[in-house]
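Chain identifiers are assigned alphabetically (A, B, ...) following the order of the sequence lines, protein sequences preceding nucleic acid strands; residue numbering begins at 1 within each chain. When reading the values below, keep in mind they use all heavy atoms of this one structure, side chains included, and skip hydrogens, waters and symmetry mates.
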Amino acid sequence: MVRLAAEAMGTRFEFVLIAEDSVRTRAIGEEALDEVRRLEAELSRFRRDSWTALIERNARTGPLVVPADLFEFFVLCDRVFGESGGGFDCAFRPGRESLADSAEGAVTGDGSWADVELDATHRTVQLRRDLCLDFGAIGKGWALDRAGEVLREAGIESAFLHGGTSSVLAIGRTPSQGAWEVGIPVPGLEGRLARASLRDCGFSVSAVDGKMRGENSGAHAGHIVDPNTGQPSRGARMVAVTASTAAEADAWSTALVVRPDLRVHWPRLVVRQEGQSELMGERVEQIFSFAAKTPESSKESS
Amino acid sequence: MSTQHRRRFLQQVAGGMAALVISPEALPSPLRPRSAPLRVGVIGIGKQGRSLITELVKFEAVQVVALADVRETRLRAGRRRAPDAESFASHADLLDAGNVDAVFVATPTHLHRAVVLDCLQAGKHVYCEAPMASSQEDLQAIHAAADRSSVRFQVGHLARSNPVYQLARSFLRSGAIRDLVHLRAQSHQKTSWRVATSDPADEKAANWKLDPEVTTGLPGEIGSHQFDAVHWFTSRGPQSIAGSGAILAHPDGRTVPDTVSLTLQFPKGVAMQYEATLGNSFEGDYELYSGTMGTLKLAQRFGWMFKEADAPTQGWEVYASRERFHNEEGITLVADATKLAAQGKLKEGIGLPQPPLYYAVECFLKSVLEDQPVVCTSRHGLQAAMVGLLGHQAVVRGESQVIDPAFFED
């Protein structure tokens, strides 16, 4: 087993790779981490030389050609934005520091991903108005997927990757041939964990707790903002999602905090308020089961 | 005048004065539009080759039409960025297809000579990744071929085209830190430098950086970029290089040191310390120029000036952006200060608006398309690579290497 870590996208990425030859496996893992760093440089809204910043600066005046793999990423953002009815939205108007920090004022019609125009024929991006782009709700998952491609291509069949513990990509089985088990602390249920068994899938948890805002106006108002209202989301307190890719899980976990009513295909646990939860999804293939908190499960979820 | 307007006015004056006093070169103007794009090929689709493709996509005047690599997995990764490009298993096949005007060579260093000479022979403009070659013979051969060729040839050292470095150099050359007393550079990364292969037969070729027969080690593969920057800034080259190295972080059977330390002795008694390791990433890569009135620190996208207490103060400094480093305060060097100050965005201008590689590619394209001078010539590439090569030899042989001062004369 080889364990590697790197600081990227404002958090810590950690990879656990299961393979025989540790020297070779480390080299493969380093190449995968390089992919995460590359994507951080491309997507970061805090770097002046990122593609995100370049698009904000130059795609307002005309279409901007982007690399094919980056265009693929924007297509995914576009699709989830549409399917989630705007619950997942990577664009906001300038002047607000970020989606997460905008708690004041309704912003309906005030700049969203709907103002981003993609041209698949020429692989161009154009902004119909001045916009800020923030891929914080999908970037980690996208980076994990690309890192996973590097690993799979090099023959790694068993691995567990996470970015900041909230975005996960599980590859294959554990050394004991089981699924990768993760524990999810559920808000309001101290001492209990929801558990998810992961195998060849992405997984993500989003919760409104954390950077609390608007504390006077809502019991669980947090750092995730409903793009349709500009207010901190009160749809659900926490959502955990599995999907075929980490990027989709990442995007949908955010969207479903805002819009827990949306019916989508993959299983997810939605915790609406303290002590109440429900399993949702049209094709439930996996159960997020509640389990008593044990030392082992605590360790897994840390 | 309101307080806000006054502040903006002063910021504009500050930016203007900075431009006036230290003559910073603004960000380069964009390439002029063309009726037909320049058709380029990228040879060697490893990490650097893929980075080149990402930057090339940004230029409307360019079309990436061909990729070449011996490994299909790398070609596939390249096509993910440039799906319209044709793939070739060798540079010879790419040249035979005859569809490119210019090539970017990003193969392993020791293969540059064969590839570059073939490309020059075929009449293609060549951007060659740095270091230019891994042996003295190869360096001389490439330099001679580029020198007598009528096409453009640029080496991929990034400092000379980097706007922040250009600005910092103008500070240094105008005497802002006065007399040089010391030079220091480091490259700290945490990585094994290994490449995994699925076929053991590819192991040696893929891990050429760890192959003692062909590698130029940390001083050559990484240090040469920083040695070129120092040479360009100071117009001086080292007269002798002493070094030591060890395998401290990756005892995996390799024989090439993963940690090295060099002392380079420059004319007039100035010494440069160079450290590189693959076992620690603290503070990454940077160069320090220490003078009697201040210190310049350059770290790719960023640059700072730290003044001595007795250094004269200039008016624009009052409104300059500053950053705190423990007990020191650095004035941030902003490449397009005048323009940003006019927009009231001076603080937003910290850090380059494009990666350093972009500016090197842009300079090459301007030399090809607009007849601009080449910023990093084969002569510069030869000088920087030789310092790296001799630094590596000083480490592995445990002997000081002496350089004839005439080698650095232009």
>> Strictly less than 4.5 Å between heavy atoms, which residues of residues 23-36 of chain A line up against chain B? Please order them by number.
In response: A:Val23, A:Arg24, A:Ala27, A:Ile28, A:Glu30, A:Glu31, A:Asp34, A:Glu35
Counting only pairs under 3.5 Å, give me each side-chain donor-acceptor contact of residues 151-160 of chain A, with atom names and distances, residues two or more places apart or in other chains.
from: A:Glu153; atom 1: OE2; to: B:Arg76; atom 2: NE; distance (Å): 3.3
from: A:Glu153; atom 1: OE2; to: B:Arg76; atom 2: NH2; distance (Å): 2.7
from: A:Ser158; atom 1: OG; to: A:Arg173; atom 2: O; distance (Å): 2.5

> What residues of residues 42-50 of chain B sit under 4.5 Å from chain A when you count only heavy atoms?
Replying inline: B:Lys47, B:Arg50
> Mind checking which of residues 81-89 of chain B sit less than 4.5 Å from chain A, heavy atom to heavy atom?
Replying inline: B:Arg81, B:Pro83, B:Asp84
> Between B:His250, B:Arg194, B:Lys58, which shows the greatest number of heavy-atom pairs under 4.5 Å with chain A?
Replying inline: B:Lys58
>> Quick one: does any side-chain atom of A:Arg57 pair with a main-chain N or O of B:Pro353 as donor and acceptor, under 3.5 Å?
In response: yes
> Which region of B:Thr197, side chain (C-beta onward) or backbone (N, CA, C, O), has a non-hydrogen atom less than 4.5 Å from a non-hydrogen atom of chain A, or is it both or neither?
Replying inline: backbone
> Side chain, backbone, both or neither: which part of A:Val66 has a non-hydrogen atom closer than 4.5 Å to chain B?
Replying inline: backbone
> Quick one: does B:Glu60's side chain get under 4.5 Å of A:Val65's, heavy atoms only?
Replying inline: no
>> Let me confirm one number: the CG-CD distance from A:Asp49 to B:Glu55, rounded to the nearest 0.5 Å.
In response: 8.5 Å
> After noting the C-alpha distance and the side-chain angles of B:Leu352 and A:Arg48, does the key distance pass the side-chain contact (heavy atoms from CB on, under 4.5 Å) rule?
Replying inline: CA-CA 6 Å; B:Leu352 281 176; A:Arg48 205 176 164 220; 5.8 Å; no
> Stepwise, does the side-chain contact (heavy atoms from CB on, under 4.5 Å) test hold for B:Thr54 with A:Trp51?
Replying inline: CA-CA 10 Å; B:Thr54 299; A:Trp51 271 99; 3.5 Å; yes
